[in-house]
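The structure appears right after this line, and notes come after that.
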Protein chains: 2
Amino acid sequence: MARRPKTEGTEDRREQIINAALRVFARKGFARATNKDIAREAGITPGLIYYYFADKEALLQAVIEIHSPLHLFEQLEPAQWDAPPPEFLRATLLQALDIIESEQVFSLIRTVLSELLHGAETPLLPGLFLPRVIDVLQRYLRLQQTKGALRAEISAEEAAQVLLSAMMGLVMRRQLLRDASVLRYSHEELVSLVLKTILPGLLPTG
Amino acid sequence: MARRPKTEGTEDRREQIINAALRVFARKGFARATNKDIAREAGITPGLIYYYFADKEALLQAVIEIHSPLHLFEQLEPAQWDAPPPEFLRATLLQALDIIESEQVFSLIRTVLSELLHGAETPLLPGLFLPRVIDVLQRYLRLQQTKGALRAEISAEEAAQVLLSAMMGLVMRRQLLRDASVLRYSHEELVSLVLKTILPGLLPTG
DNA sequence: TCATATTAATTGATCAGTCAGTTAAATTAT
DNA sequence: ATAATTTAACTGACTGATCAATTAATATGA
(Lines give C-alpha, C1' and ligand atoms only; values in the text may rest on other atoms or scores of the structure.)
Protein backbone atom coordinates (compact mmCIF):
# COMPACT_ATOMS: atom_id res chain seq x y z
CA MET A 1 0.00 0.00 0.00
CA ALA A 2 1.13 3.52 -0.52
CA ARG A 3 -0.20 6.99 -0.74
CA ARG A 4 -3.89 7.11 -0.03
CA PRO A 5 -6.30 9.19 -2.10
CA LYS A 6 -7.36 12.57 -0.91
CA THR A 7 -10.91 11.48 -0.32
CA GLU A 8 -13.03 14.05 1.41
CA GLY A 9 -14.88 13.14 4.53
CA THR A 10 -12.29 10.58 5.54
CA GLU A 11 -10.25 11.75 8.49
CA ASP A 12 -6.68 12.36 7.54
CA ARG A 13 -3.84 10.16 8.67
CA ARG A 14 -2.62 12.51 11.33
CA GLU A 15 -5.98 12.60 13.04
CA GLN A 16 -6.37 8.90 12.55
CA ILE A 17 -3.12 8.26 14.41
CA ILE A 18 -4.01 10.75 17.13
CA ASN A 19 -7.36 9.09 17.73
CA ALA A 20 -5.83 5.64 17.81
CA ALA A 21 -3.19 6.89 20.23
CA LEU A 22 -5.84 8.38 22.49
CA ARG A 23 -7.58 5.03 22.74
CA VAL A 24 -4.38 3.08 23.36
CA PHE A 25 -3.02 5.61 25.85
CA ALA A 26 -6.28 5.54 27.78
CA ARG A 27 -6.24 1.75 27.83
CA LYS A 28 -2.59 1.12 28.67
CA GLY A 29 -1.13 4.43 29.73
CA PHE A 30 1.46 6.41 27.85
CA ALA A 31 4.49 4.56 29.17
CA ARG A 32 3.13 1.11 28.40
CA ALA A 33 1.59 1.91 25.05
CA THR A 34 3.97 0.82 22.31
CA ASN A 35 4.17 2.29 18.86
CA LYS A 36 3.20 -1.10 17.56
CA ASP A 37 -0.01 -0.95 19.61
CA ILE A 38 -0.83 2.46 18.27
CA ALA A 39 -0.01 1.45 14.70
CA ARG A 40 -2.18 -1.65 14.95
CA GLU A 41 -5.06 0.39 16.36
CA ALA A 42 -4.69 2.91 13.55
CA GLY A 43 -4.31 0.25 10.88
CA ILE A 44 -0.89 1.43 9.77
CA THR A 45 2.70 0.42 10.37
CA PRO A 46 4.85 1.79 13.21
CA GLY A 47 7.22 3.68 10.98
CA LEU A 48 4.49 5.93 9.68
CA ILE A 49 4.02 7.48 13.09
CA TYR A 50 7.38 9.13 12.63
CA TYR A 51 6.36 10.60 9.35
CA TYR A 52 3.73 12.64 11.16
CA PHE A 53 5.26 13.09 14.61
CA ALA A 54 8.78 13.78 15.77
CA ASP A 55 8.58 11.25 18.57
CA LYS A 56 6.20 9.58 20.99
CA GLU A 57 6.16 12.61 23.25
CA ALA A 58 5.10 14.84 20.37
CA LEU A 59 2.28 12.43 19.63
CA LEU A 60 1.09 12.73 23.22
CA GLN A 61 1.20 16.51 22.99
CA ALA A 62 -0.85 16.37 19.79
CA VAL A 63 -3.38 14.09 21.46
CA ILE A 64 -3.71 16.52 24.33
CA GLU A 65 -3.96 19.50 22.06
CA ILE A 66 -6.61 18.02 19.77
CA HIS A 67 -8.74 16.51 22.50
CA SER A 68 -8.34 19.24 25.06
CA PRO A 69 -11.72 19.77 26.62
CA LEU A 70 -10.99 23.39 27.33
CA HIS A 71 -13.39 24.59 24.68
CA LEU A 72 -16.13 22.54 26.31
CA PHE A 73 -15.61 24.46 29.50
CA GLU A 74 -15.77 27.73 27.67
CA GLN A 75 -19.44 26.97 27.12
CA LEU A 76 -19.87 26.60 30.85
CA GLU A 77 -20.71 30.27 31.23
CA PRO A 78 -24.29 29.67 32.23
CA ALA A 79 -27.19 31.49 30.76
CA GLN A 80 -29.26 32.00 33.84
CA TRP A 81 -27.14 34.07 36.22
CA ASP A 82 -30.26 35.19 38.01
CA ALA A 83 -31.75 31.76 38.55
CA PRO A 84 -32.19 30.84 42.21
CA PRO A 85 -29.34 28.86 43.78
CA PRO A 86 -30.88 25.38 43.64
CA GLU A 87 -31.63 25.61 39.95
CA PHE A 88 -28.42 27.33 38.99
CA LEU A 89 -26.15 25.03 40.94
CA ARG A 90 -27.98 21.92 39.79
CA ALA A 91 -27.65 22.93 36.15
CA THR A 92 -24.04 24.06 36.37
CA LEU A 93 -22.75 21.09 38.33
CA LEU A 94 -24.60 18.71 36.06
CA GLN A 95 -23.09 20.32 33.01
CA ALA A 96 -19.58 20.10 34.44
CA LEU A 97 -20.11 16.49 35.47
CA ASP A 98 -21.36 15.53 32.02
CA ILE A 99 -18.28 17.06 30.44
CA ILE A 100 -15.73 15.51 32.77
CA GLU A 101 -17.21 12.05 32.66
CA SER A 102 -17.63 12.02 28.92
CA GLU A 103 -15.64 9.30 27.19
CA GLN A 104 -13.61 11.84 25.30
CA VAL A 105 -12.55 13.87 28.29
CA PHE A 106 -11.95 11.10 30.75
CA SER A 107 -9.83 9.07 28.35
CA LEU A 108 -7.58 12.05 28.18
CA ILE A 109 -7.56 12.52 31.93
CA ARG A 110 -6.61 8.89 32.39
CA THR A 111 -3.67 9.37 30.05
CA VAL A 112 -2.41 12.58 31.55
CA LEU A 113 -2.93 11.44 35.10
CA SER A 114 -0.30 8.73 35.00
CA GLU A 115 2.16 11.24 33.62
CA LEU A 116 1.07 13.78 36.16
CA LEU A 117 1.57 11.32 38.98
CA HIS A 118 5.23 10.95 38.28
CA GLY A 119 7.08 14.14 37.81
CA ALA A 120 5.95 14.98 34.29
CA GLU A 121 5.57 18.71 33.92
CA THR A 122 2.93 18.27 31.27
CA PRO A 123 0.69 21.29 31.30
CA LEU A 124 -1.57 20.20 34.13
CA LEU A 125 -4.62 19.64 32.01
CA PRO A 126 -7.22 19.38 34.75
CA GLY A 127 -5.53 22.31 36.46
CA LEU A 128 -6.73 24.33 33.52
CA PHE A 129 -10.43 23.82 33.81
CA LEU A 130 -10.93 23.42 37.53
CA PRO A 131 -10.20 27.11 38.14
CA ARG A 132 -12.71 27.87 35.42
CA VAL A 133 -15.47 26.02 37.25
CA ILE A 134 -14.42 27.45 40.60
CA ASP A 135 -14.58 30.91 39.12
CA VAL A 136 -18.07 30.51 37.72
CA LEU A 137 -19.37 29.10 41.00
CA GLN A 138 -17.68 31.74 43.07
CA ARG A 139 -18.94 34.66 41.02
CA TYR A 140 -22.46 33.31 41.15
CA LEU A 141 -22.35 32.72 44.89
CA ARG A 142 -21.11 36.23 45.52
CA LEU A 143 -23.79 37.70 43.28
CA GLN A 144 -26.54 35.82 45.09
CA GLN A 145 -25.13 36.88 48.43
CA THR A 146 -25.57 40.52 47.50
CA LYS A 147 -29.13 39.70 46.54
CA GLY A 148 -29.72 38.04 49.87
CA ALA A 149 -30.51 34.69 48.28
CA LEU A 150 -27.53 33.15 50.06
CA ARG A 151 -26.20 33.52 53.58
CA ALA A 152 -23.74 36.39 53.89
CA GLU A 153 -21.63 34.80 56.62
CA ILE A 154 -20.24 32.06 54.46
CA SER A 155 -17.25 32.61 52.21
CA ALA A 156 -18.17 32.32 48.55
CA GLU A 157 -14.69 31.12 47.69
CA GLU A 158 -14.68 28.44 50.32
CA ALA A 159 -18.14 27.21 49.43
CA ALA A 160 -17.11 26.98 45.77
CA GLN A 161 -13.97 25.05 46.73
CA VAL A 162 -15.94 22.55 48.77
CA LEU A 163 -18.68 22.11 46.16
CA LEU A 164 -16.13 21.40 43.46
CA SER A 165 -14.01 19.16 45.66
CA ALA A 166 -17.04 17.09 46.54
CA MET A 167 -17.88 16.63 42.88
CA MET A 168 -14.30 15.82 42.07
CA GLY A 169 -14.07 13.31 44.87
CA LEU A 170 -17.17 11.58 43.56
CA VAL A 171 -15.77 11.47 40.04
CA MET A 172 -12.47 10.03 41.26
CA ARG A 173 -14.20 7.38 43.30
CA ARG A 174 -16.25 6.42 40.26
CA GLN A 175 -13.63 6.57 37.57
CA LEU A 176 -10.48 5.56 39.39
CA LEU A 177 -11.63 3.38 42.25
CA ARG A 178 -14.77 2.06 40.54
CA ASP A 179 -16.48 2.45 43.89
CA ALA A 180 -19.81 0.66 43.54
CA SER A 181 -21.48 2.68 46.29
CA VAL A 182 -21.05 5.78 44.14
CA LEU A 183 -21.29 4.24 40.69
CA ARG A 184 -24.90 3.32 41.28
CA TYR A 185 -26.00 6.94 41.03
CA SER A 186 -26.86 8.75 37.83
CA HIS A 187 -25.36 12.15 37.15
CA GLU A 188 -28.56 13.81 38.24
CA GLU A 189 -28.61 11.84 41.47
CA LEU A 190 -25.00 12.70 42.20
CA VAL A 191 -25.69 16.40 41.86
CA SER A 192 -28.78 16.04 44.03
CA LEU A 193 -26.75 14.21 46.62
CA VAL A 194 -24.21 16.98 46.88
CA LEU A 195 -26.75 19.77 46.85
CA LYS A 196 -29.04 18.13 49.36
CA THR A 197 -26.14 18.01 51.78
CA ILE A 198 -24.45 21.31 51.07
CA LEU A 199 -27.18 23.73 49.98
CA PRO A 200 -29.07 23.95 53.28
CA GLY A 201 -25.96 25.39 54.88
CA LEU A 202 -25.71 28.05 52.21
CA LEU A 203 -29.31 29.21 52.09
CA PRO A 204 -30.60 31.82 54.49
CA THR A 205 -32.14 30.25 57.57
CA GLY A 206 -35.82 30.24 57.34
CA MET B 1 31.01 -7.73 49.46
CA ALA B 2 28.89 -10.63 50.57
CA ARG B 3 26.70 -11.70 53.40
CA ARG B 4 26.09 -8.93 55.82
CA PRO B 5 26.17 -9.44 59.60
CA LYS B 6 22.93 -9.92 61.44
CA THR B 7 23.24 -6.69 63.33
CA GLU B 8 20.18 -5.86 65.33
CA GLY B 9 18.41 -2.62 64.74
CA THR B 10 19.51 -2.59 61.12
CA GLU B 11 16.65 -3.40 58.81
CA ASP B 12 17.15 -6.63 56.95
CA ARG B 13 17.81 -6.78 53.26
CA ARG B 14 14.28 -7.69 52.31
CA GLU B 15 12.83 -4.68 54.08
CA GLN B 16 15.63 -2.53 52.79
CA ILE B 17 14.74 -3.45 49.22
CA ILE B 18 11.03 -3.00 49.86
CA ASN B 19 11.56 0.46 51.28
CA ALA B 20 13.82 1.48 48.43
CA ALA B 21 11.26 0.15 45.97
CA LEU B 22 8.49 2.14 47.64
CA ARG B 23 10.46 5.34 47.21
CA VAL B 24 11.37 4.63 43.59
CA PHE B 25 7.86 3.45 42.68
CA ALA B 26 6.38 6.59 44.19
CA ARG B 27 8.83 8.75 42.31
CA LYS B 28 8.71 7.11 38.89
CA GLY B 29 5.77 4.73 38.92
CA PHE B 30 5.96 0.96 38.78
CA ALA B 31 6.30 0.64 35.01
CA ARG B 32 9.06 3.19 34.70
CA ALA B 33 10.99 2.17 37.79
CA THR B 34 13.86 -0.09 36.75
CA ASN B 35 15.53 -2.70 38.88
CA LYS B 36 18.71 -0.71 38.53
CA ASP B 37 16.96 2.31 40.08
CA ILE B 38 15.70 0.24 42.95
CA ALA B 39 19.09 -1.42 43.48
CA ARG B 40 20.88 1.92 43.49
CA GLU B 41 18.38 3.33 45.97
CA ALA B 42 18.87 0.27 48.21
CA GLY B 43 22.64 0.28 47.80
CA ILE B 44 22.81 -3.20 46.28
CA THR B 45 23.11 -4.71 42.81
CA PRO B 46 20.09 -5.52 40.64
CA GLY B 47 20.57 -9.26 40.74
CA LEU B 48 20.08 -9.40 44.47
CA ILE B 49 16.46 -8.37 44.11
CA TYR B 50 15.81 -11.79 42.59
CA TYR B 51 17.31 -13.52 45.54
CA TYR B 52 14.53 -12.09 47.69
CA PHE B 53 11.67 -11.71 45.21
CA ALA B 54 10.44 -13.87 42.38
CA ASP B 55 10.01 -10.94 40.02
CA LYS B 56 9.24 -7.25 39.91
CA GLU B 57 5.53 -7.89 40.36
CA ALA B 58 6.18 -9.86 43.54
CA LEU B 59 8.23 -6.96 44.83
CA LEU B 60 5.30 -4.65 44.22
CA GLN B 61 3.00 -6.99 46.10
CA ALA B 62 5.43 -7.08 49.01
CA VAL B 63 5.60 -3.29 49.04
CA ILE B 64 1.83 -3.09 49.16
CA GLU B 65 1.56 -5.73 51.84
CA ILE B 66 4.19 -4.22 54.12
CA HIS B 67 3.10 -0.62 53.73
CA SER B 68 -0.60 -1.21 53.61
CA PRO B 69 -2.17 1.50 55.69
CA LEU B 70 -5.10 -0.66 56.63
CA HIS B 71 -3.91 -1.05 60.19
CA LEU B 72 -3.76 2.72 60.51
CA PHE B 73 -7.41 2.89 59.66
CA GLU B 74 -8.22 0.28 62.23
CA GLN B 75 -7.29 2.88 64.81
CA LEU B 76 -9.82 5.21 63.29
CA GLU B 77 -12.54 3.91 65.58
CA PRO B 78 -12.84 7.13 67.52
CA ALA B 79 -12.93 7.34 71.28
CA GLN B 80 -15.61 9.96 71.70
CA TRP B 81 -18.76 8.60 70.13
CA ASP B 82 -20.84 10.92 72.24
CA ALA B 83 -18.94 14.07 71.40
CA PRO B 84 -21.09 16.69 69.66
CA PRO B 85 -20.95 16.67 65.85
CA PRO B 86 -18.53 19.56 65.30
CA GLU B 87 -15.93 18.08 67.62
CA PHE B 88 -16.36 14.51 66.49
CA LEU B 89 -16.30 15.27 62.81
CA ARG B 90 -13.38 17.63 63.12
CA ALA B 91 -11.33 15.05 65.01
CA THR B 92 -12.26 12.13 62.76
CA LEU B 93 -11.74 13.90 59.45
CA LEU B 94 -8.46 15.34 60.65
CA GLN B 95 -7.27 11.92 61.68
CA ALA B 96 -8.19 10.42 58.31
CA LEU B 97 -6.55 13.31 56.47
CA ASP B 98 -3.34 12.95 58.45
CA ILE B 99 -3.19 9.27 57.61
CA ILE B 100 -3.89 9.62 53.91
CA GLU B 101 -1.52 12.48 53.34
CA SER B 102 1.30 10.91 55.32
CA GLU B 103 4.41 10.28 53.25
CA GLN B 104 4.12 6.56 53.80
CA VAL B 105 0.53 6.18 52.71
CA PHE B 106 0.49 8.56 49.82
CA SER B 107 3.66 7.12 48.28
CA LEU B 108 1.83 3.86 48.15
CA ILE B 109 -1.30 5.43 46.71
CA ARG B 110 0.80 7.08 44.00
CA THR B 111 2.24 3.71 43.08
CA VAL B 112 -1.00 1.77 43.04
CA LEU B 113 -2.89 4.52 41.29
CA SER B 114 -0.94 4.29 38.05
CA GLU B 115 -1.54 0.57 38.01
CA LEU B 116 -5.15 1.07 38.92
CA LEU B 117 -5.61 3.54 36.10
CA HIS B 118 -4.81 0.97 33.46
CA GLY B 119 -6.58 -2.26 33.85
CA ALA B 120 -4.49 -3.73 36.65
CA GLU B 121 -6.69 -5.67 39.01
CA THR B 122 -4.45 -4.93 41.94
CA PRO B 123 -6.53 -5.20 45.06
CA LEU B 124 -7.97 -1.71 44.97
CA LEU B 125 -6.05 -0.46 47.92
CA PRO B 126 -7.94 2.77 48.53
CA GLY B 127 -11.16 0.87 47.99
CA LEU B 128 -10.31 -0.93 51.18
CA PHE B 129 -10.20 1.95 53.58
CA LEU B 130 -12.70 4.36 52.11
CA PRO B 131 -15.63 2.12 53.14
CA ARG B 132 -14.09 2.00 56.59
CA VAL B 133 -14.22 5.78 56.93
CA ILE B 134 -17.68 5.94 55.38
CA ASP B 135 -18.87 3.39 57.87
CA VAL B 136 -17.55 5.24 60.90
CA LEU B 137 -19.06 8.52 59.72
CA GLN B 138 -22.37 6.96 58.86
CA ARG B 139 -22.77 5.15 62.17
CA TYR B 140 -21.95 8.29 64.06
CA LEU B 141 -24.36 10.42 62.04
CA ARG B 142 -27.18 7.96 62.60
CA LEU B 143 -26.47 7.81 66.31
CA GLN B 144 -26.57 11.58 66.63
CA GLN B 145 -29.77 11.71 64.64
CA THR B 146 -31.50 9.51 67.19
CA LYS B 147 -30.20 11.86 69.87
CA GLY B 148 -31.60 14.84 68.00
CA ALA B 149 -28.18 16.44 67.64
CA LEU B 150 -28.49 16.19 63.86
CA ARG B 151 -31.37 16.87 61.48
CA ALA B 152 -33.50 13.78 60.94
CA GLU B 153 -34.49 14.63 57.37
CA ILE B 154 -31.04 14.15 55.91
CA SER B 155 -29.76 10.74 54.94
CA ALA B 156 -26.84 9.67 57.11
CA GLU B 157 -25.40 7.60 54.30
CA GLU B 158 -25.59 10.39 51.78
CA ALA B 159 -24.10 12.93 54.15
CA ALA B 160 -21.23 10.56 54.89
CA GLN B 161 -20.65 10.03 51.16
CA VAL B 162 -20.52 13.74 50.49
CA LEU B 163 -18.29 14.50 53.47
CA LEU B 164 -15.80 11.87 52.41
CA SER B 165 -15.94 12.80 48.74
CA ALA B 166 -15.24 16.42 49.59
CA MET B 167 -12.20 15.42 51.60
CA MET B 168 -11.04 13.09 48.89
CA GLY B 169 -11.45 15.73 46.22
CA LEU B 170 -9.34 18.11 48.26
CA VAL B 171 -6.63 15.49 48.72
CA MET B 172 -6.60 14.70 45.00
CA ARG B 173 -6.37 18.36 44.08
CA ARG B 174 -3.45 18.75 46.48
CA GLN B 175 -1.53 15.59 45.77
CA LEU B 176 -2.24 14.97 42.10
CA LEU B 177 -2.93 18.37 40.62
CA ARG B 178 -0.76 20.34 43.05
CA ASP B 179 -3.53 22.93 43.05
CA ALA B 180 -2.08 25.95 44.80
CA SER B 181 -5.46 27.31 45.84
CA VAL B 182 -5.91 24.23 48.00
CA LEU B 183 -2.30 23.53 48.96
CA ARG B 184 -2.15 26.72 50.93
CA TYR B 185 -4.36 25.33 53.66
CA SER B 186 -3.16 23.29 56.63
CA HIS B 187 -4.91 20.05 57.49
CA GLU B 188 -6.84 21.80 60.23
CA GLU B 189 -7.93 24.52 57.85
CA LEU B 190 -9.05 22.00 55.26
CA VAL B 191 -11.26 20.23 57.76
CA SER B 192 -12.63 23.57 58.92
CA LEU B 193 -13.35 24.54 55.35
CA VAL B 194 -15.39 21.42 54.73
CA LEU B 195 -17.23 21.53 58.02
CA LYS B 196 -18.00 25.22 57.82
CA THR B 197 -19.73 24.57 54.51
CA ILE B 198 -21.40 21.26 55.21
CA LEU B 199 -22.18 21.18 58.93
CA PRO B 200 -24.79 23.95 59.00
CA GLY B 201 -26.94 21.87 56.70
CA LEU B 202 -26.72 18.91 59.01
CA LEU B 203 -27.38 20.58 62.33
CA PRO B 204 -30.91 21.19 63.53
CA THR B 205 -32.15 24.61 62.52
CA GLY B 206 -31.85 27.02 65.39
C1' DT C 1 33.98 -26.18 55.69
C1' DC C 2 29.62 -25.10 53.92
C1' DA C 3 25.21 -22.92 53.50
C1' DT C 4 24.05 -18.18 52.67
C1' DA C 5 24.40 -13.83 50.61
C1' DT C 6 25.99 -11.00 46.94
C1' DT C 7 28.03 -9.55 42.66
C1' DA C 8 29.20 -9.17 37.80
C1' DA C 9 28.41 -10.69 33.56
C1' DT C 10 25.17 -12.17 30.48
C1' DT C 11 20.79 -13.35 27.86
C1' DG C 12 16.84 -12.71 25.32
C1' DA C 13 13.02 -9.75 24.75
C1' DT C 14 11.23 -5.46 23.70
C1' DC C 15 11.04 -0.88 22.47
C1' DA C 16 11.61 3.84 20.33
C1' DG C 17 13.31 5.58 16.58
C1' DT C 18 15.69 5.27 11.64
C1' DC C 19 16.06 4.52 6.95
C1' DA C 20 16.40 2.65 2.30
C1' DG C 21 13.29 1.37 -0.67
C1' DT C 22 8.32 0.92 -2.67
C1' DT C 23 3.99 2.46 -4.44
C1' DA C 24 0.27 5.17 -5.95
C1' DA C 25 -1.32 9.70 -6.68
C1' DA C 26 -0.45 14.10 -8.74
C1' DT C 27 1.73 16.82 -12.12
C1' DT C 28 3.71 17.86 -16.35
C1' DA C 29 4.89 17.08 -21.08
C1' DT C 30 3.38 15.49 -25.47
C1' DA D 1 -5.96 11.78 -23.63
C1' DT D 2 -1.95 9.44 -22.13
C1' DA D 3 2.70 8.58 -21.28
C1' DA D 4 6.57 10.21 -18.46
C1' DT D 5 8.14 12.18 -14.34
C1' DT D 6 7.93 13.80 -9.75
C1' DT D 7 6.61 13.60 -5.15
C1' DA D 8 4.05 12.47 -0.97
C1' DA D 9 2.75 8.61 1.70
C1' DC D 10 3.94 4.44 3.44
C1' DT D 11 6.38 -0.03 4.60
C1' DG D 12 9.00 -3.17 7.25
C1' DA D 13 13.45 -4.54 8.32
C1' DC D 14 16.91 -2.84 11.12
C1' DT D 15 19.67 -0.48 15.16
C1' DG D 16 21.11 0.59 19.50
C1' DA D 17 19.52 1.05 23.93
C1' DT D 18 17.32 -0.69 27.83
C1' DC D 19 15.15 -3.82 30.67
C1' DA D 20 13.75 -7.95 33.48
C1' DA D 21 15.46 -12.01 34.62
C1' DT D 22 19.23 -15.80 34.90
C1' DT D 23 23.41 -17.67 36.25
C1' DA D 24 28.13 -18.68 37.39
C1' DA D 25 31.49 -17.13 40.27
C1' DT D 26 32.80 -15.56 44.77
C1' DA D 27 32.97 -13.67 49.27
C1' DT D 28 31.51 -14.09 54.11
C1' DG D 29 30.03 -15.55 58.54
C1' DA D 30 28.74 -19.50 61.25
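Model, not experiment: these values are computed from the prediction. In what follows, chains are A, B, ... by sequence order, proteins preceding strands, each numbered from 1.
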Measure [atom1]/[X] against [atom2]/[N] and give the value in whole Å, please.
X	N	atom1	atom2	value
L59(A)	dC15(C)	CG	C1'	15 Å
K56(B)	dT18(D)	NZ	P	15 Å
F30(B)	dC19(D)	CZ	P	14 Å
I44(A)	dT22(C)	CD1	P	21 Å
I17(A)	dA9(D)	CD1	P	11 Å
K28(A)	dC15(C)	NZ	P	8 Å
R32(B)	dA17(D)	CZ	P	21 Å
R40(B)	dT7(C)	CZ	P	14 Å

Exercise. Does S181(B) reach the side chain of I134(A), with side-chain heavy atoms less than 4.5 Å apart?
Worked result: no
Quick one: label [X] by what it contacts on the DNA or RNA (base, sugar-phosphate, nothing), any heavy atom closer than 4.0 Å.
X	value
A39(B)	nothing
T45(B)	base
A58(B)	nothing

[Y]/[X] salt bridge by N-O under 4.0 Å criterion:
X	Y	answer
K196(A)	E153(B)	no
R40(A)	D37(A)	yes
E41(A)	K28(A)	no

Exercise. Looking at the side chain of Y52(B), which of dT6(C), dC10(D), dT11(D) is the nearest nucleotide?
Worked result: dT6(C)
Exercise. Looking at the side chain of Y51(B), which of dT11(D), dC15(C), dT6(C) is the nearest nucleotide?
Worked result: dT6(C)
Exercise. Parallel, tilted or perpendicular: which describes the rings of F88(A) and W81(A), with under 30° parallel and over 60° perpendicular?
Worked result: tilted
Problem set entry | Pair L60(A)-V112(A), side-chain contact (heavy atoms from CB on, under 4.5 Å): steps then yes or no | CA-CA 9 Å; L60(A) 174 62; V112(A) 193; 5.8 Å; no
Exercise. Side-chain N or O of R13(B) less than 4.0 angstrom from OP1 or OP2 on dT6(C)?
Worked result: yes
Exercise. Quick one: on DNA chain C, does G43(B) or N35(A) contact a more 5' nucleotide (nearest heavy atom)?
Worked result: G43(B)
Problem set entry | 5'-most by nearest nucleotide on DNA chain C - D37(A) or I49(B) | I49(B)
Show the distances under 3.5 angstrom between N or O atoms of the protein and N or O atoms of nucleotides 22-25 of chain D.
none

Exercise. What residues form a ring pair (Phe, Tyr, Trp, His ring centres under 6.0 Å) with F106(B), not counting sequence neighbours?
Worked result: none
